[in-house]
Novice: 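I am attaching a structure below and will ask some questions about it afterwards.
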Amino acid sequence: MLRVCRFVTLAMAGAAPAAAQSALFRPFNLDGPWTAAPGVVQFNFVHRFYVSAGTERKVSNYPTFTFATGLTSRAMVGMHYTSNSLLVTSPYTPNEVELFARARMLGVEGDGLSVGVTPAFNTAAQSFDGELAVAYTAGWVTLTGAARYLNKPLGTPGGDVALGAGAVVRLNDYVALAGDIGKLLGADTAAAWSAGISLLIPGSPHTFSLHASNALANTMQSASVGFREVLYGFEFTIPLHLARFAPWFRGRGARRATQPGDAAAVVEMRDFRFAPDTVIMTAGQAVRWINADPVDHTVTFTAAGAASSSTLARGDAFVARFDHPGAYPYHCAPHPYMRGVVIVR
Ligand SMILES: [Cu+2]
């Protein structure tokens, strides 16, 4: 019983930070205070479209890409790029880029109160914009609010303030309903809104949303102004852990060593333990790790000379070959108390 309780507690504690960069903790037009971790490039893709009325039924597409990377555990830089913006129509420029930096001043994501500040520059509006975002998470609910200052709203001189508010209700670990609204206070423009459903794809770090909105993009400017049509679309969130790409830069020998089948020892990750936790072998042999738990683990080496794994979901395996004698201690990054050692003779 003790083990079951511990398992559940750890599983929930482990899920919160990983899920916080996800669509399950923010509505569709409010970025909120989240920041990407260092070593992670967050790539989010929003695609919205509407179909014109009448016999023409032309489909117009409004994609927005987000690229952002963590500088520290509380700061990141990034950009939103939308290739079909109607923000500024004269001179016509469909490319809208919002370059931003974000500092999470307070709190952690997905737990209690967090506050973030996001200064930005919007190339289409030639406007310096800024947002103060607050998110409050209690249990299955996250409430988000944002106050924005737009130096040149829609490219028009004369600053304006926009307010936004939204909510996410998580029905379980994998499904959430969300909605938000945002409005420029001074301008005679419609409010922007969104509503829809977000899904965590099981066994992956990816989230996916299906939503409706009258905002063309999720930049501060475009998310403050409602369009005349209702658009339908999706968002897909992809955290790219740069460590995953290490195999691209390794030699042929190392690549061969990651093939399964030639391992001298097998270590199971089960019940939040490495079993066995000590492996003794000779130089040139490989160890194979297999995750038998329903939560993600890693094999993370602290010393030089051994490459760490990426995140291993249930059933994933990782193979590493050790060419030089020595002791190679390792742990699981999400659960640092999970420890093991490979001793090479
Ligand atoms: Cu783990």
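Atoms within a ligand are numbered from 1 in the order they appear, just like the ligands themselves. Values below: all heavy atoms of this structure, side chains included; hydrogens, waters and symmetry mates excluded.
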Novice: Which protein N, O or S atoms does the Cu ion (ligand 1) have within a distance shorter than 2.8 Å?
Specialist: His297 ND1, Cys332 SG, His335 ND1
Novice: My understanding is that only one of Phe318, Phe272, Phe274, Tyr330 makes a ring pair (Phe, Tyr, Trp, His ring centres under 6.0 Å) with His297; could you say which?
Specialist: Phe272
Novice: My understanding is that only residues two or more places apart in sequence, or in another chain, count here; which of them pass side chain to side chain contact (heavy atoms under 4.5 Å, CB included) with Ala306?
Specialist: Phe301, Phe322, Tyr328
Novice: Does CZ in Phe121 sit with more than 12 non-hydrogen atoms of other residues, nucleotides or ligands closer than 6.0 Å?
Specialist: yes
Novice: Does Phe236 have its ring centroid less than 6.0 Å away from the ring centroid of His47?
Specialist: no
Novice: Would you please name every residue forming a ring pair (Phe, Tyr, Trp, His ring centres under 6.0 Å) with Tyr62, sequence neighbours left out?
Specialist: none
Novice: Less than 3.5 Å apart, which donor and acceptor atoms pair up between the side chains of residues 193-200 and the rest of the protein, not counting sequence neighbours?
Specialist:
| residue | atom | partner | partner atom | Å |
| --- | --- | --- | --- | --- |
| Ser194 | OG | Asp180 | OD1 | 3.2 |
| Ser194 | OG | Asp180 | OD2 | 2.8 |
| Ser198 | OG | Ala23 | O | 3.4 |

